[in-house]
Structures are given as structure tokens and as C-alpha cells.
Amino acid sequence: MLQALIEFYNSFPDSLLSVFGKRRSEISPDLLDRLTQYRDVQIHNLSQAEIFQIDDEAEAMLAGLMNEMSSEALEDTFQHVKLPFPAMIIEKRTPVLDFMGIGLLTQIDAAIEAQFHAVHTGGLMPSLTIISTDSFPFKVTPTPTADLASVVSSITNLSGGMVQDRTNALTLLSMGVGIATLLKYKGMLEVEKGSAYPRAERRRAERAGRPLPDIRVSKISLGQAGRGQLAAMSRDRNHDPAVEGKRRAHWVRGHWMRTAAGGLSFRTPHIRGAGPVIHQERRVTE
């Protein structure tokens, strides 16, 4: 999917103008300049991004933790989190209506910016908004793509699309914060590095004389503590006092906490009922 994004932005904005039935002469010079600058920034960010593919169980666990963070009004702590690399791409493995969701997160000074793209076999749906953790509530800025769409008369529900885009970007931002922080905790997430393309697909391309680019990805799955976290979340959702009274050893879920300085800390999941409980609290931000 990275290659699809790169190809899209290499031909941007002309490919998008063609889709909208517009010529360059019909677009204001200021908007054309912003579209060109946006293209260059996107290509730069994509070229240095770390790529993460999340399996279904890890996505479910991360989604549960991020929902908890939202329900406890801890999202303002995102301002204190920094990515361990300049940019990251998050690929969700489960498609929604034949679209694969891709999050592009970039570290801009002390803030994280998040965008959402959707890719399917017929093309790509570009980002309409950029969410920044520079302030709280988070700053939401329309992309130049959205500004271009606003001058196309045939697009009648741009505002609705931007609302959905913002929701998707916030989801991927939360997931990126979760990955960037939980990678510091042994056993929560496991990372397997490998090629973005299956071996059979790489061999077919080589035999056809069109070798695929050497794109490496980090495949995220649950470690032992992460599986315990998911099991504990499931048990809490389906709480049965009768069963609880008979249970001996079981996982107790971890959870986020706000530090005295306003940062973010995570208490890791642990097993209860198999000996003394040793709580582990680790500070994620200062």
C-alpha cells in the first residue's frame, strides 16, 4: 500500500485534477502552489516512514485501550507523546467496504500530525484533514486536497466526508500513540520485520522482469502480556460473578494513568491468583 501512496503523490495534483475534470488554468495559483508543496512534503514523509501492519488481535487490544483513554478523558496527554521515528505508516489488515485504511503519522517538532488514506484495487481516497496534537482540543486543518474538492461543483457532501476523515485520522492517531508507547513494555507487542510483499508475489515479479521495491514492514502481533490484556478486557466485558468466584489464576488488565505532571503512564497487565501480585507502573511521558 505504500507504493500506491507514493505513485499517487508522484502524479499529484495532475491525477486529481483529471479525476475532477479540471485544468491547471482553472485553479488559482495560490492553491496550485499549496498542492505542489503538499505533494513534496507527503513524498518526503513517505520516504522515511516506518511501516507497521497490525494483526486483528493486536488491533482489537489497541482499540480497547484507546477507547478507555477516550472515556477517561486522557487524550490531551497525546501532547506529551513523541514518536521514536520521524514518521510512521499504520496499515490496518481488516478492510472496511473493500477499503484498506492507512494512517500516516509524522513528528513535527513536539507535535504529532495524523492523516488517513483509504486504498482499494480501483484507486486511492486521499486525506482531507490533518489532525495535530499541537494543542487540545486537537487542531484540525483541511488538506489542500480538500480545498481543491471545495471548488468542484459536483462534490456535494464534502463536509460529511471531512467529518468521517477526521474520525478515521483520530483513530489512527490513537493507535499510533498506543504502538509507539507499548513497544517499550516487554511482552505487550511483538514485532516481526519482513518484506511488504509475499514471497510468491516477489518471485512472480522477478520472473516477469519487474522486481518489486525492497519495502520492509514491521508486523505487529500480541506478546504474552498483550494476549493477557485482551483476555482480561474480554472477561471484563462478559463479567460473570459465578465464574469469577471459581477462578484462580487470571489476567488483570493494564490501564493508562495521568501523572502528576500531566503526562501519561501505563500500568501493565499482570496475573492475579498465582502468587503475590507485583504491579508495574511505567511512565510513558515526562
Side-chain angles (χ1 to χ4, degrees), residues 1-43 45-46 54 59 63 66-67 70-71 75 78 89-106 108 111-177:
M1 287 194 284
L2 172 63
Q3 194 60 29
L5 286 174
I6 292 174
E7 291 174 0
F8 174 80
Y9 282 109
N10 276 335
S11 62
F12 188 89
D14 296 290
S15 56
L16 201 58
L17 289 169
S18 176
V19 170
F20 289 159
K22 293 286 185 179
R23 296 186 296 272
R24 280 179 170 259
S25 59
E26 299 177 80
I27 307 302
S28 71
D30 173 67
L31 179 53
L32 278 176
D33 285 345
R34 287 190 289 116
L35 287 165
T36 301
Q37 292 173 11
Y38 178 65
R39 174 200 65 199
D40 294 342
V41 170
Q42 293 289 83
I43 291 174
N45 288 333
L46 291 170
I54 312 172
E59 184 176 330
M66 295 308 110
N67 287 337
S70 178
S71 65
E75 290 173 321
F78 288 10
I89 289 173
I90 302 174
E91 297 182 355
K92 300 179 70 174
R93 295 198 345 177
T94 305
V96 178
L97 299 177
D98 295 328
F99 283 86
M100 300 298 292
I102 303 177
L104 173 60
L105 276 61
T106 51
I108 308 295
I112 300 174
E113 291 187 351
Q115 300 178 61
F116 173 81
H117 296 75
V119 178
H120 66 106
T121 54
L124 183 146
M125 185 181 300
S127 170
L128 297 176
T129 60
I130 301 173
I131 291 182
S132 173
T133 63
D134 186 48
S135 60
F136 190 80
F138 299 139
K139 180 180 178 182
V140 180
T141 305
T143 63
T145 302
D147 293 337
L148 175 60
S150 70
V151 300
V152 178
S153 59
S154 60
I155 297 180
T156 57
N157 189 29
L158 179 60
S159 60
M162 292 178 68
V163 169
Q164 184 60 54
D165 183 89
R166 180 180 63 200
T167 299
N168 291 333
L170 181 58
T171 298
L172 271 299
L173 169 63
S174 300
M175 199 158 287
V177 167

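Computed from heavy atoms alone, side chains included, the values below leave out hydrogens, waters and symmetry copies. Numbering starts at 1 and runs along the sequence shown.
- If you take OH on Y9 and CD1 on I43, they are separated by 9.5 Å, rounding to the nearest 0.5 Å.
- The shortest non-hydrogen separation linking M175 to A63 is CE-N, 4.5 Å.
- Between the side chain of S132 and the main chain of K139, no donor-acceptor pair closer than 3.5 Å is present.
- Listed by chain and number, the residues in a salt bridge (charged side-chain N to carboxylate O under 4.0 Å, His left out) with D14 are R24 (sequence neighbours excluded).
- Side-chain contact check for Q164 and N168: at least one donor-acceptor pair (N or O, by modelled atom type) lies under 3.5 Å.
- To the nearest 0.5 Å, atoms CG (L173) and CD (Q115) are separated by 11.5 Å.
- Rounding to the nearest 0.5 Å gives a distance of 9.0 Å between CG of L124 and CZ of F99.
- For T36, the side-chain contact (heavy atoms from CB on, under 4.5 Å) partners are R39, D40, not counting sequence neighbours.
- For the atom pair CD1 of I131 and CG of L105, the computed distance is 9.5 Å after rounding to the nearest 0.5 Å.
- For L148 against V152, the heavy-atom pair with the smallest separation is O-CG2, 3.5 Å.
- Heavy atoms from other residues, nucleotides or ligands lying under 6.0 Å from CE of M125 number 12 at most.
- Scanning both residues, A149 and I155, for their nearest heavy atoms gives CB-CD1, 3.7 Å.
- In this structure, L2 CG and I102 CD1 are separated by 8.0 Å, a value rounded to the nearest 0.5 Å.
- Taking 4.5 Å as the limit, some side-chain heavy atom of N157 sits within range of a side-chain heavy atom of S159.
- Within the 3.5 Å criterion, the main-chain N or O of V163 finds a donor-acceptor partner in the side chain of T167.
- Minimum heavy-atom separation, P126 to T145: CG-CG2, 3.7 Å.
- For residues 142-160, the set of pairs meeting the salt bridge (charged side-chain N to carboxylate O under 4.0 Å, His left out) definition, not counting sequence neighbours, comprises R34-D147.
- The CZ atom of F8 sits 9.5 Å away from the CD atom of Q42 when rounded to the nearest 0.5 Å.
- The shortest non-hydrogen separation linking T143 to S127 is OG1-O, 2.9 Å.
- Residue pairs satisfying the salt bridge (charged side-chain N to carboxylate O under 4.0 Å, His left out) criterion with at least one member in residues 156-173, sequence neighbours excluded, are absent.
- With sequence neighbours left out, the side-chain contact (heavy atoms from CB on, under 4.5 Å) criterion links I108 to T106, E113.
- Here the shortest heavy-atom pairing between A169 and A114 reads O-CB, 3.9 Å.
- Applying the ring-ring contact (aromatic ring centres under 6.0 Å, His included) rule to pairs touching residues 127-150 yields F78-F138, F136-F138, sequence neighbours excluded.
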